[in-house]
Chemist: 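Okay, here's the structure, questions in a sec.
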Amino acid sequence: MRPILMKGHERPLTFLRYNRDGDLLFSCAKDHTPTVWYADNGDRLGTYRGHNGAVWSCDVSRDSARLITGSADQTAKLWEVSTGKELFSFRFDAPARSVEFAIGDALAVVTTDNFMDHTPTVQVKRIAEDLEDQTEESALVITGIKGRINRAVWGPLNRTIITAGEDATIRIWDSETGKLLKESDKDSGHQKAISSLSKSLDWSHFITGSLDKSAKLWDTRTLTLIKTYVTERPVNAVDISPTHDTVVLGGGQDAMNVTMTDRRAGKFEAKFFHKILQEEIGGVKGHFGPINALAFNPDGRSFSSGEDGYARLHHFEYCMYLTVLIAQ
């Protein structure tokens, strides 16, 4: 397989998101400029200019009309997808880390990092259909979590919010009251920081990856542990195939140690596991740094990218996955 190289970022990529139809791919990077691509051939459509810091995550509305991004410049911004126009900017007292639209796109969840005297928060913002009615007011603010919140996602029917991060604990919150409903068991859960979280296509279950060299599959409603996938390196990124009983794990040693060894010792390949049997069924080698993000296209195809800002698009018989290698 010869990959299609996609060049559009001057600094390492940080996050990727497909739209619902799978024809557009949105990428975020440390170069401050989110970018949109054609997902089939890797052609760049355009960029979104306005952030003054690294962009950590993004999400696109169901109709692909609006994009939301979270940045180290302490803002989360709304964009018009087709024109690249900045529609609104939510300002915070700390970097905005994770962003996601709710079902219906009328709400968005945004997490902020611990910064200076500010502790991490989970905030729910109302997204107005008419921009003249848009405000910065938060509909809900959740506090009390220690350590950075790496991911916050909506649960089924927008009734809950699921968070995970540096304290190795997964929590489910009531999205209206902010009440803590469930918390992962310390014995069966992760033992080190949770680096990534990805939901299944039907939102019935989700997978988490951790620096404890494992990934775990959870029931979204009950937070029951379903499966555990064990590997020999820290897991920085995970995703669930939308079309097959497959999960993909990516990782590798810390970027600061990459120059001290070769790429084989760094264990930079993406590995595929059978979702039910928990057995490793394949992998893709050739990466030159830690894999810190993964995403399946909704149609089941796959793609991967390099730490130098190049994205590598791979076409397989039944899947398309996206891996991002980040030089810290």
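Hydrogens, waters and symmetry mates are skipped; everything else that's a heavy atom, side chains included, is used.
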Chemist: Any ion pair linking K216 and D212 (charged N to carboxylate O, less than 4.0 Å)?
Modeler: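 Salt bridge between D212 and K216, a charged N being under 4.0 Å from a carboxylate O: no.
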Chemist: Is there a side-chain contact (heavy atoms from CB on, under 4.5 Å) between F101 and N158? Walk through the geometry before answering.
Modeler: CA-CA 10 Å; F101 284 117; N158 301 340; over 6 Å; no
Chemist: How long is the gap from NZ on K30 to CG on L13, to the nearest 0.5 Å?
Modeler: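 Result: 10.5 Å between the selected atoms.
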Chemist: Any side-chain to backbone donor/acceptor pair from K125 onto E136? Under 3.5 Å, distance only.
Modeler: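 At least one qualifying donor-acceptor pair exists.
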Chemist: I'd like to know if V124 and W173 are part of one continuous hydrophobic network [Ile/Leu/Val/Met/Phe/Trp/Tyr, side-chain heavy atoms within less than 4.5 Å].
Modeler: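 Yes; tracing contacts between hydrophobic side chains, which count when under 4.5 Å, links both residues.
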Chemist: Ignoring hydrogens and geometry, is there a side-chain-to-backbone donor-acceptor pair from S200 to S204 under 3.5 Å?
Modeler: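 Looks like yes, one N/O pair under 3.5 Å.
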Chemist: When hydrophobic residues are tied together by side-chain contacts of less than 4.5 Å, even through go-betweens, does I172 share a cluster with L197?
Modeler: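 In one cluster with I172: L197, yes.
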Chemist: Judged by modelled atom types alone, do H32 and S71 share a side-chain donor-acceptor pair under 3.5 Å?
Modeler: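 Their side chains do not contain a donor-acceptor pair, so the 3.5 Å distance test is not met.
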Chemist: With side-chain contact (heavy atoms from CB on, under 4.5 Å) as the test, pick out the partner of R17 among I68, L25, D59.
Modeler: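 The passing option is D59.
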Chemist: Apply the test side-chain contact (heavy atoms from CB on, under 4.5 Å) to residues V81 and Y48: give CA-CA distance (whole Å), side-chain angles for both, the deciding distance (0.1 Å), then the verdict.
Modeler: CA-CA 9 Å; V81 168; Y48 302 87; 3.6 Å; yes
Chemist: Let me know which of V122, I194, T111 forms a side-chain contact (heavy atoms from CB on, under 4.5 Å) with T163.
Modeler: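 The option that passes is V122.
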Chemist: For D117, does the CG atom sit with more than 12 other heavy atoms under 6.0 Å from it, leaving out its own atoms?
Modeler: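 Check fails, neighbour count at 12 or below.
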Chemist: State the NE2-CD1 distance between H190 and I170, to the nearest 0.5 angstrom.
Modeler: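 Answer for the NE2-CD1 pair, H190 versus I170, is 5.5 Å.
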Chemist: Given side chains that start at C-beta, do those of T160 and L181 come closer than 4.5 Å, heavy atoms only?
Modeler: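 They are in side-chain contact.
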Chemist: For the side chain of S195 and the backbone of V235, is there at least one donor-acceptor N/O pair under 3.5 Å apart?
Modeler: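 Such a contact is found between S195 side chain and V235 backbone.
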Chemist: So, T69 side chain and C58 main chain: donor-acceptor pair closer than 3.5 Å or not?
Modeler: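 Looks like no, no N/O pair under 3.5 Å.
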Chemist: If you count every heavy atom of other residues, nucleotides or ligands that lies below 6.0 Å from R148 atom CZ, does the total exceed 12?
Modeler: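 Result for CZ/R148: enclosed.
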Chemist: Looking at H51 versus W79, is the centre-to-centre ring distance below 6.0 Å?
Modeler: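 Yes, they do, as the ring centres are separated by less than 6.0 Å.
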Chemist: Tell me the closest heavy-atom pair linking S89 and K77, and the distance in Å.
Modeler: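 Shortest heavy-atom contact: OG-NZ, 3.2 Å.
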Chemist: Would you say that S27 contacts W37 through its side chain, given a criterion of any heavy-atom pair below 4.5 Å between the two side chains?
Modeler: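 The answer is yes; the side chains approach within 4.5 Å.
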Chemist: In terms of side-chain heavy atoms, does W56 have a donor or acceptor partner in S98 at a distance below 3.5 Å?
Modeler: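 No, S98 and W56 have no side-chain donor paired with an acceptor closer than 3.5 Å.
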Chemist: Do D239 and S198 pair up side chain to side chain, a donor and an acceptor below 3.5 Å, judged on atom types alone?
Modeler: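 Indeed, the side chains of D239 and S198 share at least one donor-acceptor pair under 3.5 Å.
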Chemist: Going by side-chain hydrogen bond (donor to acceptor under 3.5 Å, both in side chains), name the residues that satisfy it together with R66, two or more places apart in sequence or in a different chain.
Modeler: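 Not a single residue meets the side-chain hydrogen bond (donor to acceptor under 3.5 Å, both in side chains) criterion with R66.
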Chemist: With side chains defined as the heavy atoms from C-beta onward, is the minimum distance between I161 and W154 less than 4.5 Å?
Modeler: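 Sidechains of W154 and I161: in contact.
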Chemist: Over 60° means perpendicular and under 30° means parallel, so tell me whether F272 and F296 are parallel, tilted or perpendicular.
Modeler: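 Rings of F272 and F296: perpendicular, as their planes differ by over 60°.
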Chemist: Determine whether K192 and E166 make a side-chain contact, defined as any pair of heavy atoms from C-beta on separated by less than 4.5 Å.
Modeler: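 They are not in side-chain contact.
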Chemist: Answer yes if L67 and L78 sit in the same cluster of Ile, Leu, Val, Met, Phe, Trp and Tyr residues linked by side chain heavy atoms under 4.5 Å apart, and no otherwise.
Modeler: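 No, separate clusters.
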Chemist: Check step by step if salt bridge (charged side-chain N to carboxylate O under 4.0 Å, His left out) holds for D105 and R62.
Modeler: CA-CA 7 Å; D105 302 320; R62 187 178 179 88; over 6 Å; no
Chemist: Keeping D113 on the side-chain end and F115 on the backbone end, is there a donor-acceptor pair under 3.5 Å?
Modeler: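 No; judged by distance alone, with no hydrogens or angles, the pair does not exist.
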Chemist: Check this for me: E176, atom CD, are more than 12 non-hydrogen atoms of other residues, nucleotides or ligands nearer than 6.0 Å?
Modeler: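 Open: at most 12 neighbouring heavy atoms sit under 6.0 Å from CD of E176.
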Chemist: Please confirm whether the backbone N or O of G22 pairs with a side-chain atom of N297, one donor and one acceptor, at under 3.5 Å?
Modeler: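 Between the backbone of G22 and the side chain of N297 there is a qualifying donor-acceptor contact (under 3.5 Å).
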Chemist: If you round to the nearest 0.5 Å, how far is CG of D133 from CD1 of I127?
Modeler: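 Reported to 0.5 Å precision, the distance equals 12.5 Å.
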Chemist: Measure the spacing between NZ of K271 and CD of E280 and express it to the nearest 0.5 Å.
Modeler: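 Here the rounded value is 4.0 Å.
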Chemist: With heavy-atom distances below 4.5 Å as the criterion, would you say the side chains of W203 and I103 are in contact?
Modeler: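 A side-chain contact exists here, since the closest heavy-atom pair is under 4.5 Å.
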Chemist: So, using side-chain hydrogen bond (donor to acceptor under 3.5 Å, both in side chains) as the criterion, who are the partners of E100 when residues are at least two apart?
Modeler: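 E100 satisfies side-chain hydrogen bond (donor to acceptor under 3.5 Å, both in side chains) with K199 only.
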Chemist: Are any of the side-chain heavy atoms of L217 and I240 separated by less than 4.5 Å?
Modeler: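 A side-chain contact exists here, since the closest heavy-atom pair is under 4.5 Å.
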Chemist: Flag yes if more than 12 heavy atoms outside K227 fall under 6.0 Å of its NZ atom; otherwise flag no.
Modeler: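 Above 12, so yes.
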Chemist: Hey, which of T208, I226, T224, I207 is the one that makes side-chain contact (heavy atoms from CB on, under 4.5 Å) with W218?
Modeler: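 Among T208, I226, T224, I207, the one that satisfies the side-chain contact (heavy atoms from CB on, under 4.5 Å) with W218 is T208.
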Chemist: Verify, without hydrogens or angle tests, whether N19 (side chain) and D23 (backbone) share a donor-acceptor contact under 3.5 angstrom.
Modeler: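 Checked: pair present.
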Chemist: Is there a side-chain contact (heavy atoms from CB on, under 4.5 Å) between H9 and T35 once you walk through the steps?
Modeler: CA-CA 8 Å; H9 292 286; T35 299; 3.3 Å; yes
Chemist: Within this structure, what is the OG-CZ distance for the pair S138 and R126, rounded to the nearest 0.5 Å?
Modeler: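 Answer for the OG-CZ pair, S138 versus R126, is 9.5 Å.
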Chemist: Between the main-chain N or O of T169 and the side-chain N or O of S184, is there a donor-acceptor pair closer than 3.5 Å?
Modeler: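 No; zero donor-acceptor contacts below 3.5 Å.
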Chemist: Can you find a side-chain donor-acceptor pair between T246 and K275 that sits under 3.5 Å?
Modeler: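 No donor-acceptor contact under 3.5 Å links the two side chains.
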